[in-house]
Novice: 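Here it is, the structure in full.
The figures here come from the full heavy-atom set of this structure, side chains too, leaving out hydrogens, waters and symmetry mates. Just follow the structure's listing: the first ligand is 1, and inside any ligand the first atom is 1.
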Amino acid sequence: MADYNAIIIGAGPGGYVTAIRCAQLGMKTACVDKWVNPEGQSVLGGTCLNVGCIPSKALLDSSHHYYFLQKQAAEHGIKCEGLNIDIAAMQARKQDVVKTLTQGIVGLFKKNKVATIQGTARLMGNQQIEVTAHDGSKQVVTADNIIIATGSVPTQIPVAPVDNKSIVDSTGALAFDNVPKRLGVIGAGAIGLELGSVWNRLGSQVTILEALPDFLAMADRRIAGAALKEIKKQGLDIHLGASVTAATVTNNEVTISYQDKQGEQKLVVDKLIVAVGRKPYTESLGATEIGISINERGFIQVDEHRQTTVSGIYAIGDAIGGPMLAHKASEEGVMVAERLAGQKSEMSYETVPYVIYTHPEVAFVGKTEEQLKAVGIKYKVGQFPFAASGRAKANGETNGMVRIIADANTDSILGVHIFGTSASELISEAVVAMEFEASAEDLARTIHAHPTLAEAIHEAALAVDKRAIHA
Ligand code: FAD
Ligand code: NAD
């Protein structure tokens, strides 16, 4: 008999959620993780809690308060004099948030009777896993089912080698102990925009170099256009179609050479963040040695039920590709756990929401107009600006809009795109509507509380049928 019914490798949002769900369903469960924090302590939570979603949002929130007090409080009749920043205190608060949440997982594991095994797991075949603890000691554990949730790490580019002093990755950029005067960022994706915003709000002069000619290529074009305009207005200097050819460090300065439409350019900064994506992490896991296929981009290959090419071994989250998002990783884990328990769970990738936590935020779910045009689906669009929302006006946050795309024939909602304050919260209504295959008319007939920002969704749904009331 195996030691466990299920062992999960990795305690990020994919792994720890899978472990809890397996245990809830009556499986004897263990979760192995090797993460060690800068103080040398083992911690759960993976990238998301330690160096990803949570610390970035803590800094976004702190920096937004500073930005608000500096630039917007006066409109509300609030005068702030002698405003200054204590980066050490801001960073300590961020770490405190991280500590509370990572310790929360310890509590959840105890409550659900998930065993925690600290160390690095290596697959040995025959459902055996060798775990090497931080002190070098080894143990072998066995499980009926193994779920790999080993996540991802930042992608490096040879032209800008990360030294985590002058040229940093996202982890380094979350830990600056002072505000760099001039900050360069390679990549205008989620990390570049979020961390670029944090340091811009705190006083850095930020320049972002993005290789693609389009801003936020995955997003609705109008939403991306509105976001670009606003983010630039906030002071982020964004260069599209910029291809970095070299970044060299001399005397604590980074000189970046890049090529754009105007030709060869140079930029000198005090710190450079490399934010060009993440790559799956399967190092020292021994996956291929036991027959697990890994594709040319390093992702573990899985079937529709997330089973790898070895029976009884599953993989989820960033390690298998698709959107590299915490909620996608968690839901895949839930699906695997429930299927192991004999349920028929499925996961809908069509309704995975995307959010970029700039201010205002960009959030979307479903298809864009371009995607629908490409496959010849006829659609109609309803749009509503926050400038026409009473609540947005009262809040002094009138930037942005909601766009709802519905099938021209059936009226079913195919995509919802938002640029606006609290878009990250508002998008959930659209996700629920799409999960239940709602039509724009369904949303238009749903009563929304007044005054709320969500009324903009209601109005956009009415606008699909050209009957918005307030615009
Ligand atoms: P991870 O969170 O990477 O966890 C993998 C775990 O596996 C780690 O703890 C690691 O120690 C462990 N591990 C790896 N190999 C082994 C081994 N052999 N033995 C034992 N343990 C092992 N996503 C969002 O949805 N929203 C956001 O706002 C967001 N913000 C982000 C901000 C930043 C700065 C970054 C970097 C990422 C952000 N992400 C965000 C992405 C999100 O963090 C990832 O999509 C998510 O963490 C993936 O979860 P995972 O469980 O697949 O892997
Ligand atoms: P990303 O894929 O979101 O963006 C990377 C950007 O870098 C792209 O726009 C790409 O065109 C550009 N790029 C790539 N190579 C380049 C080069 N050589 N020169 C200039 N530009 C280049 O990746 P990221 O921002 O690093 O984030 C990593 C992952 O973490 C993403 O998958 C993202 O989904 C996830 N994440 C999510 C959130 C969120 O949900 N809010 C926040 C942060 C990170």
Side-chain angles (χ1 to χ4, degrees), residues 8-18 31-36 42-57 59-60 102 117-123 129-132 148-155 157-160 169-171 173-174 185-196 208-218 239-245 256 258 273-287 315-330 332-333 352-358 361-363 424:
I8 294 92
I9 304 176
Y16 88 76
V17 170
T18 314
C31 185
V32 190
D33 201 290
K34 69 187 183 73
W35 199 285
V36 179
S42 297
V43 276
L44 304 173
T47 304
C48 175
L49 275 78
N50 289 289
V51 293
C53 325
I54 296 301
S56 59
K57 272 66 217 175
L59 290 184
L60 277 159
T102 54
I117 306 175
Q118 283 150 356
T120 304
R122 190 171 66 84
L123 299 164
I129 298 170
E130 179 192 70
V131 183
T132 308
I148 302 169
T150 50
S152 64
V153 289
T155 301
I157 44 173
V159 290
D169 56 19
S170 54
T171 302
L174 285 166
V185 183
I186 308 183
I191 292 179
L193 292 173
E194 291 181 8
L195 296 184
I208 305 188
L209 303 173
E210 165 61 47
L212 292 180
D214 291 326
F215 180 65
L216 289 182
M218 283 170 72
H239 296 247
L240 300 172
S243 170
V244 175
T245 49
I256 306 151
Y258 66 97
I273 306 175
V274 179
V276 295
R278 293 177 63 84
K279 59 174 189 185
Y281 181 80
T282 52
E283 228 174 86
S284 60
L285 183 64
I316 59 159
D318 281 10
I320 65 166
M324 286 179 146
L325 296 171
H327 41 287
K328 175 265 192 189
S330 303
E332 279 174 341
V352 173
Y354 292 76
V355 179
I356 309 213
Y357 295 82
T358 46
E361 295 167 342
V362 174
S424 57

Novice: Minimum distance, heavy atoms only, to atom 14 (C) of ligand 2: which one of Ile208, Leu60, Leu325, Val276 is it?
Specialist: Val276
Novice: Nearest 0.5 angstrom please: Ile273 CD1 to Ile208 CD1, how far?
Specialist: 8.0 Å
Novice: Backbone, side chain, both or neither: what part of Thr155 comes under 4.0 angstrom of ligand 2, heavy atoms only?
Specialist: neither
Novice: Report the nearest protein non-hydrogen atom to atom 7 (O) of ligand 2: residue, atom name, distance rounded to 0.1 Å.
Specialist: Gly187 CA, 3.3 Å
Novice: Atoms of ligand 2 less than 4.0 Å from Ala275 heavy atoms?
Specialist: 5 (C), 6 (C), 7 (O), 26 (O)
Novice: Below 4.0 Å, non-hydrogen atoms only: which portion of Lys57 touches ligand 1? Side chain, backbone, both or neither.
Specialist: side chain
Novice: Tell me, which protein residue and heavy-atom name are nearest atom 1 (P) of ligand 1, and how many Å apart are they?
Specialist: Thr47 OG1, 3.6 Å
Novice: Which of the atoms of ligand 2 are close to Glu194, meaning less than 4.0 Å from one of its heavy atoms?
Specialist: 39 (C), 41 (N), 42 (C)
Novice: How close does the nearest protein non-hydrogen atom get to atom 39 (C) of ligand 2, and which residue and atom is it?
Specialist: Val355 O, 3.3 Å
Novice: Let's go through Ser284 and Thr120 carefully: what are the C-alpha distance in whole Å and the side-chain angles of both, what is the deciding distance for side-chain contact (heavy atoms from CB on, under 4.5 Å) to 0.1 Å, and is it a yes or a no?
Specialist: CA-CA 8 Å; Ser284 60; Thr120 304; 4.0 Å; yes
Novice: For atom 16 (C) of ligand 1, which candidate among Ile316, Val355, Thr150 holds the nearest heavy atom?
Specialist: Thr150
Novice: Before you tell me yes or no, could you show the steps for Thr18 and Ile316 under side-chain contact (heavy atoms from CB on, under 4.5 Å), namely the whole-Å CA-CA distance, both residues' side-chain angles and the distance that decides it to 0.1 Å?
Specialist: CA-CA 9 Å; Thr18 314; Ile316 59 159; 3.2 Å; yes
Novice: Please write down residue, atom name and distance for the protein heavy atom closest to atom 11 (O) of ligand 2.
Specialist: Glu210 OE2, 2.6 Å
Novice: When you measure from the side chain of Arg278 to the backbone N and O of Ser152, does any donor-acceptor pair fall under 3.5 Å?
Specialist: yes
Novice: Which atoms of ligand 1 sit under 4.0 Å from any heavy atom of Ser56?
Specialist: 32 (C)
Novice: Does ligand 1 have an atom under 4.0 Å from some heavy atom of Arg278?
Specialist: yes
Novice: Name the closest protein heavy atom to atom 18 (N) of ligand 2, giving the residue it belongs to and the distance to 0.1 Å.
Specialist: Ile157 CD1, 3.9 Å
Novice: So if I count the atoms of ligand 1 from 1 in the order they appear, which ones are less than 4.0 Å from some heavy atom of His327?
Specialist: 25 (O)
Novice: Mark the output for Tyr16 as yes if a heavy-atom distance to ligand 1 is under 4.0 Å, and as no if none is.
Specialist: no
Novice: Does ligand 1 come near enough to Ala326 that some N or O of the ligand is less than 3.5 Å from an N or O of the residue?
Specialist: yes
Novice: If we only count N/O pairs under 3.5 Å, is Ala121 in contact with ligand 1?
Specialist: yes
Novice: Which option wins on minimum heavy-atom distance to atom 44 (C) of ligand 1: Asp169, Thr282, Asp318, Ile117?
Specialist: Asp318
Novice: Would you say Gly119 touches ligand 1, if touching means a heavy atom closer than 4.0 Å?
Specialist: yes
Novice: Write down the atom of Pro55, the atom of Leu49, and the distance for their closest heavy-atom approach.
Specialist: CD-O, 3.4 Å
Novice: Is ligand 1 under 4.0 Å from a heavy atom in the side chain of Leu195, in the backbone, in both, or in neither?
Specialist: neither
Novice: Could you list which atoms of ligand 2 come closer than 4.0 Å to a heavy atom of Tyr357?
Specialist: 41 (N)
Novice: With atoms numbered from 1 as shown, which atoms in ligand 2 lie under 4.0 angstrom from a non-hydrogen atom of Leu212?
Specialist: 11 (O)
Novice: If you take the nearest heavy atom of each of Ala326, Ser170, Ala211, Ser243, which one is closest to atom 21 (N) of ligand 2?
Specialist: Ala211
Novice: Below the 3.5 angstrom mark, is there an N/O of Ala188, backbone or side chain, next to an N/O of ligand 2?
Specialist: no
Novice: Distance check, rounded to the nearest 0.5 Å: Gln118 atom CD versus Thr132 atom OG1?
Specialist: 13.5 Å
Novice: Any N or O on Glu194 sitting closer than 3.5 Å to an N or O of ligand 1?
Specialist: no
Novice: Can you check which of Ser152, Ala190, Cys48 brings a heavy atom nearest to atom 3 (O) of ligand 2?
Specialist: Ala190
Novice: Could you tell me whether Ala329 and ligand 1 have an N or O pair separated by under 3.5 Å?
Specialist: no
Novice: Can you sort out which atoms of ligand 1 are near Cys48, meaning under 4.0 Å from one of its heavy atoms?
Specialist: 2 (O), 43 (O), 47 (O)
Novice: I need the nearest protein heavy-atom contact for atom 23 (O) of ligand 2: residue, atom name and distance, please.
Specialist: Gly277 CA, 3.2 Å
Novice: With the threshold set at under 4.0 angstrom, would you say Thr171 reaches ligand 1 through any of its heavy atoms?
Specialist: no
Novice: Please work out which of Gly52, Gly189, Pro154 has its closest non-hydrogen atom nearest to atom 4 (O) of ligand 2.
Specialist: Gly189
Novice: Which residue holds the protein heavy atom closest to atom 35 (C) of ligand 2, what is that atom called, and what is the gap in Å?
Specialist: Met324 O, 3.4 Å
Novice: Among all the protein's non-hydrogen atoms, which is closest to atom 44 (C) of ligand 2, and how far away is it?
Specialist: Ile191 CG1, 3.4 Å
Novice: What part of Ile186, side chain, backbone, both or neither, has a heavy atom within less than 4.0 angstrom of ligand 2?
Specialist: side chain
Novice: What protein heavy atom sits nearest atom 29 (C) of ligand 2, and how far away is it?
Specialist: Arg278 CD, 3.7 Å
Novice: Under a 3.5 Å distance rule, please check whether Lys34 uses its side chain to pair with a backbone N or O of Ala121 as donor and acceptor.
Specialist: no
Novice: To which of Gly10, Ala315, Gly52 does the heavy atom nearest atom 37 (C) of ligand 1 belong?
Specialist: Gly52
Novice: Report the part of Ser170 (side chain from C-beta onward, or backbone N, CA, C, O) that has a heavy atom under 4.0 Å from ligand 1; answer both or neither where that applies.
Specialist: side chain
Novice: With backbone taken as N, CA, C and O and side chain as the heavy atoms from C-beta onward, which portion of Ser152 lies under 4.0 Å from ligand 1: side chain, backbone, both, or neither?
Specialist: backbone
Novice: With a 4.0 Å cut-off on heavy atoms, is Leu209 in contact with ligand 2?
Specialist: yes
